[in-house]
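Some notes on the structure that comes next.
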Amino acid sequence: MLKRHSVLPGFSITLGFTLTYLSLIVLIPLSATFLKSATLGWDGFWAVVTAPRVLASYKLTFGAALTGATINAVFGLLVAWILVRYDFFGKKLVDALVDLPFALPTAVAGIALATIYSSKGWIGLFFAPLGIKIAHTPLGIVVALTFIGLPFVVRTVQPVLEAFDTELEEAAASLGANRSQTFRKVILPTLLPAILTGFALAFARAVGEYGSVIFIAGNIPMVSEITPLLIVTKLEQYDYAGATALAVSMLVVSFGLLLAINGLQRWTEMRRA
Amino acid sequence: MSIEIKNVEKSFGRFKALKNISLDIAGGELVALLGPSGCGKTTLLRIIAGLEAPDAGSILFHGEDATHRHVRDRQVGFVFQHYALFRHMTVFENVAFGLRVRPRRKRPPESVVRQKVHDLLNLVQLDWLAERYPDQLSGGQRQRIALARALAVEPQVLLLDEPFGALDAKVRKDLRRWLRRLHDELHVTSVFVTHDQEEALEVADRVVVLNEGRIEQIGAPHEVYDHPATPFVYQFLGDVNLFHGRVHDGHARIGETEVELAGGPDHPGSAVFYVRPHEIEILRDRGTGTIAAKISDIRPLGATVRIELERTDGRGLVEVELTRDRFANKGFLHGESVYLQPKRLRTFDHNSTLENTIGSGQFIAS
């Protein structure tokens with residue numbers, strides 16, 4: 001690395017600290033999982049991570065996480081929009097409410113959601129006659145993952161929207177654009193990088209979520225069993241190598257997806273520089 | 001297209017931004033709204049554009065009531081002080097925006113859009129920047145792109161809100177001359193807001209001076225400069241020296257000095273006399289109608305020299321501006337005792353439009 005003169009001091013110290021810190025907190029624990037799973041050998045590893053019950057759990061975990069993050073991207077944008085653009089009674093309260101899913105123990109959230117969305121619960125009650133079961137189905141998992149991911153998009157979009165210059169909207173209007181054109185062509189492209197960041201965070205959080213999901217999912221093998229639950233099950237059976245093998249496969253897929261989202265976000269930001 | 005503004009009022013909360021404004025702008029005219037910050041000039045411009053709605057009064061475009069017409073239907077081009085370019089679009093797409101958002105049946109085909117955008121970029125002499133993004137341009141270039149974008153929709157009226165306010169002095173000067181030439185070429189009715197009197201006087205056909213939500217004076221640049229209607233206009237359009245004194249028996253009395261007010265009306269009582277720095281002569285001998293003073297500072301400013309003097313009667317500072325040549329001839333020195341002879345004294349009588357001029361001895365009612 002070239003040493004360049006800079007007015008900002010301490011490059012080598014801060015970089016050294018960052019690398020040590022990341023190694024202790026992230027890299028070493030993660031490589032330990034890789035090492036442990038390696039004890040299975042390639043064939044053993046492959047057999048574990050491609051078992052039918054495991055494959056079904058991947059589909060559910062990543063599918064529900066993507067669905068939840070997508071719902072959050074749309075409605076999180078709406079919540080952020082309302083919090084930034086309008087003044088109404090109790091706005092501060094609503095604003096504080098957004099962060100609650102962060103503060104609540106996820107098990108509590110899971111039990112509450114399972115109770116309310118069960119076919120006799122306050123909300124599930126209205127869906128049951130329509131033949132829609134929420135609790136103990138994949139739909140329930142999506143509800144739980146949407147709940148825990150809510151703050152991410154709101155909190156990433158909010159500051160960008162606050163900084164958004166209303167003159168741009170006025171400029172678009174004076175050039176003849178209607179509201180929907182202004183939103184699609186002027187506002188949305190500006191917010192897109194922030195929305196993608198929020199989406200990626202909500203997705204990453206949802207993939208790893210355990211506590212809230214196991215209470216509402218019903219955990220039926222092949223139907224509503226998430227991968228993190230399979231990992232815990234293997235741990236309970238003292239199958240440590242099998243558990244780490246699943247963890248490694250999840251890590252690789254998640255990393256790939258996050259990398260893709262980051263790339264997409266980079267691309268949307270590049271277009272303006 | 002002509003614009004008529006009739007009895008427009010606007011308040012923000014308890015603050016009255018505009019108080020009963022009426023103004024006619026003829027088709028093809030270039031008008032400057034001039035005033036200090038907070039005088040309501042930008043609010044008035046935004047009301048003309050339809051970005052703000054007046055509390056009372058009406059706006060007529062070409063004789064038709066446009067008060068309640070939406071900004072996107074008004075056919076106005078609006079240029080913002082901070083450009084308001086779309087950062088995620090290229091320069092080309094920025095200029096094309098107004099054409100691309102038209103309703104489908106009125107939208108021109110791609111080839112026409114291309115041609116038109118390139119014509120406009122040529123007009124603002126920036127065709128070579130078509131594929132760049134706004135962040136890659138300088139301030140002056142961005143403002144010219146913003147203007148091209150506003151012109152793309154073929155506006156009936158062009159409105160510019162402090163268009164050169166964020167640019168440095170040199171670019172500002174170039175751009176305002178360029179705007180004047182562009183207007184002479186296009187003849188689109190234009191209104192621009194500025195707090196810079198030099199800019200207003202140089203660019204506009206007519207200047208509207210605003211203060212605290214009211215129109216102080218409307219007139220051609222030389223009219224408002226030479227015959228200011230109110231003390232505010234006088235002070236806003238240039239540097240000024242104030243002399244407190246009395247008018248008595250057709251004489252102006254300033255301190256110990258008595259000056260003849262030839263031909264002027266006799267308004268006995270105390271008065272304030274206004275003199276511009278370049279309208280005062282510095283003499284070495286007493287002469288007539290002079291005020292004694294001592295030179296306290298000499299500052300060469302390019303083509304002129306600014307001299308600050310302290311009145312010997314202790315009634316404040318006076319600023320005088322001399323040309324370089326004149327200063328070199330006289331060779332005034334710091335600390336020298338001299339006599340000041342005002343060449344043009346103006347008084348304003350309780351917001352009236354009366355004006356006294358000493359020397360020429362005229363009495364002008366404007």
Side-chain angles (χ1 to χ4, degrees), chain A residues 73 77 80-81 84-89 91 153 156-200 261-273, chain B residues 42 45-46 48-52 69-91 93-104 106-107 131-137 145-162:
Chain A
L77 174 62
W81 182 268
V84 172
R85 285 301 173 97
Y86 305 104
D87 272 317
F88 52 88
F89 181 74
K91 176 170 158 171
V153 176
T156 50
V157 171
Q158 216 172 359
V160 181
L161 202 54
E162 266 161 11
F164 186 81
D165 194 352
T166 47
E167 274 189 359
L168 291 174
E169 282 168 72
E170 292 177 348
S174 76
L175 292 166
N178 59 36
R179 285 302 293 166
S180 103
Q181 283 170 324
T182 306
F183 184 77
R184 274 184 293 119
K185 290 175 178 251
V186 176
I187 301 172
L188 203 56
T190 314
L191 299 181
L192 204 57
I195 295 172
L196 282 173
T197 305
F199 177 85
I261 297 171
N262 269 346
L264 192 65
Q265 190 195 344
R266 253 289 198 33
W267 180 71
T268 57
E269 263 177 355
M270 279 256 291
R271 289 193 311 162
R272 64 169 69 185
Chain B
T42 295
L45 192 79
R46 289 172 61 86
I48 299 173
L51 294 171
E52 212 90 62
R69 209 180 285 169
H70 192 273
V71 53
R72 70 172 166 266
D73 304 318
R74 283 200 193 196
Q75 287 188 286
V76 295
F78 201 97
V79 176
F80 295 85
Q81 181 179 4
H82 298 287
Y83 331 121
L85 292 174
F86 306 129
R87 292 176 60 210
H88 59 283
M89 294 181 198
T90 60
V91 163
E93 287 304 322
N94 264 283
V95 178
F97 185 86
L99 302 171
R100 295 206 198 280
V101 296
R102 283 192 189 167
R104 206 168 293 275
K106 283 198 222 152
R107 206 175 296 165
E131 295 313 311
R132 301 275 187 90
Y133 286 90
D135 285 1
Q136 297 168 308
L137 310 183
I145 297 300
L147 193 60
R149 182 179 69 176
L151 289 172
V153 293
E154 289 172 14
Q156 300 291 304
V157 176
L158 190 61
L159 304 171
L160 306 103
D161 183 14
E162 304 238 7

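Everything quoted here is computed from the prediction, not taken from an experiment. Below, chain A is the first sequence line, B the second, and so on; all start at residue 1.
Inter-residue side-chain proximity for R87(B) and T190(A) is flagged as unmet; no heavy-atom pair is nearer than 4.5 Å. Residues F80(B) and E170(A) are in side-chain contact: their nearest non-hydrogen atoms beyond the backbone lie under 4.5 Å apart.
Only the side chain of R46(B) comes within contact range of chain A, with at least one heavy atom under 4.5 Å from a heavy atom of that chain. Of the two parts of A150(B), only the backbone, made up of N, CA, C and O, holds a non-hydrogen atom closer than 4.5 Å to a non-hydrogen atom of chain A. Neither the backbone nor the side chain of L159(B) comes within contact range of chain A; no heavy atom of the residue lies under 4.5 Å from a heavy atom of that chain. The parts of F78(B) that come within reach of chain A are both its backbone and its side chain, each placing non-hydrogen atoms under 4.5 angstrom from that chain.
No more than 12 heavy atoms of other residues, nucleotides or ligands shown are found within 6.0 angstrom of CZ on F89(A).
Distance check: L51(B) CG to E169(A) CD gives 11.5 Å after rounding to the nearest 0.5 Å. Here NE2 of H70(B) is found 10.5 Å from OG of S174(A). Values are rounded to the nearest 0.5 Å. Once rounded to the nearest 0.5 Å, the distance linking CZ of R100(B) with CD of Q181(A) reads 12.5 Å.
Across all non-hydrogen atoms, the minimal contact from A177(A) to F97(B) is CB-CE2, 3.8 Å. Pairing each heavy atom of L175(A) with each of V101(B), the nearest pair is O-CG2, 3.8 Å. Between A173(A) and V71(B) the shortest heavy-atom distance is CB-CG1, 3.7 Å. Across all their heavy atoms, L85(B) and L168(A) have their closest contact at O-CD2, 3.3 Å. In plain terms, the two heavy atoms of A171(A) and R149(B) that are nearest each other are CB-NH2, 3.5 Å.
Per-residue heavy-atom pair counts under 4.5 Å with chain A were compared for A84(B), A152(B), G77(B), and the maximum is reached by A84(B).
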